Amino acid sequence: MSTELKAWPLWEIFIRSKQGLEHKHCGSLHAADAQQALQMARDVYTRRQEGVSIWVLPSAAITASKPDEKPEFFDPMADKIYRHPTFYTIPDEVGHM
């Protein structure tokens, strides 16, 4: 990779397919700006006209959880009993909820 390309920011690419309702991450690329990233993403990731929408996001704008903090961050919410419907009975007429 050339030194000039390394100086360009990294962009994350999200594509929404014709059948999909959500955008899915499909890859990353280096581009000088958001407009160039959109055009390059179109050329690289939608060559077969499978996309209907493209999002580009600077990789530097992404904040991620830390793997070593997984137990605390994703700990089950067992201590929040108010989230469970255990304080009332459901009438039989209601059926399955």
Side-chain angles (χ1 to χ4, degrees):
M1 184 178 291
S2 73
T3 310
E4 182 180 314
L5 275 178
K6 287 182 182 178
W8 285 357
L10 184 64
W11 298 83
E12 300 303 322
I13 311 303
F14 297 83
I15 306 284
R16 183 168 65 96
S17 68
K18 292 177 182 175
Q19 298 83 16
L21 297 176
E22 72 280 346
H23 286 74
K24 293 185 179 180
H25 184 259
C26 61
S28 307
L29 54 79
H30 288 274
D33 58 30
Q35 192 59 40
Q36 184 183 38
L38 272 173
Q39 292 170 352
M40 291 172 68
R42 179 201 60 208
D43 295 344
V44 172
Y45 296 108
T46 64
R47 287 180 283 198
R48 294 186 185 102
Q49 300 176 342
E50 62 272 12
V52 295
S53 177
I54 301 173
W55 290 349
V56 296
L57 177 72
S59 294
I62 295 174
T63 303
S65 61
K66 297 177 180 140
D68 58 335
E69 294 177 358
K70 182 181 174 186
E72 299 88 28
F73 195 75
F74 294 103
D75 193 21
M77 300 296 175
D79 60 333
K80 297 183 179 173
I81 58 172
Y82 59 84
R83 293 188 177 184
H84 304 287
T86 57
F87 298 106
Y88 57 90
T89 57
I90 299 173
D92 292 335
E93 306 85 54
V94 173
H96 179 69
M97 285 186 77

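Any value given below was found using the heavy atoms of this structure, including those in side chains, with hydrogens, waters and symmetry copies removed. The structure displayed is predicted, hence computed values, not measured ones.
- Tested against M40 for a side-chain contact (heavy atoms from CB on, under 4.5 Å), the candidates L29, I13, V56 yield a single pass: L29.
- A distance of 12.0 Å separates CZ of R16 from NZ of K24, quoted to the nearest 0.5 Å.
- Taken from NE2 in H23 to CD1 in I54, the straight-line distance is 8.5 Å, to the nearest 0.5 Å.
- W55 forms part of a hydrophobic cluster together with F14, L57, I62, judged by ILVMFWY side-chain heavy-atom separations under 4.5 Å.
- Applying the side-chain contact (heavy atoms from CB on, under 4.5 Å) test between E12 and each of C26, S28, P58 identifies S28 as the sole match.
- When each of R48, R42, Q49 is tested with T46 by the rule side-chain contact (heavy atoms from CB on, under 4.5 Å), just one qualifies, namely R42.
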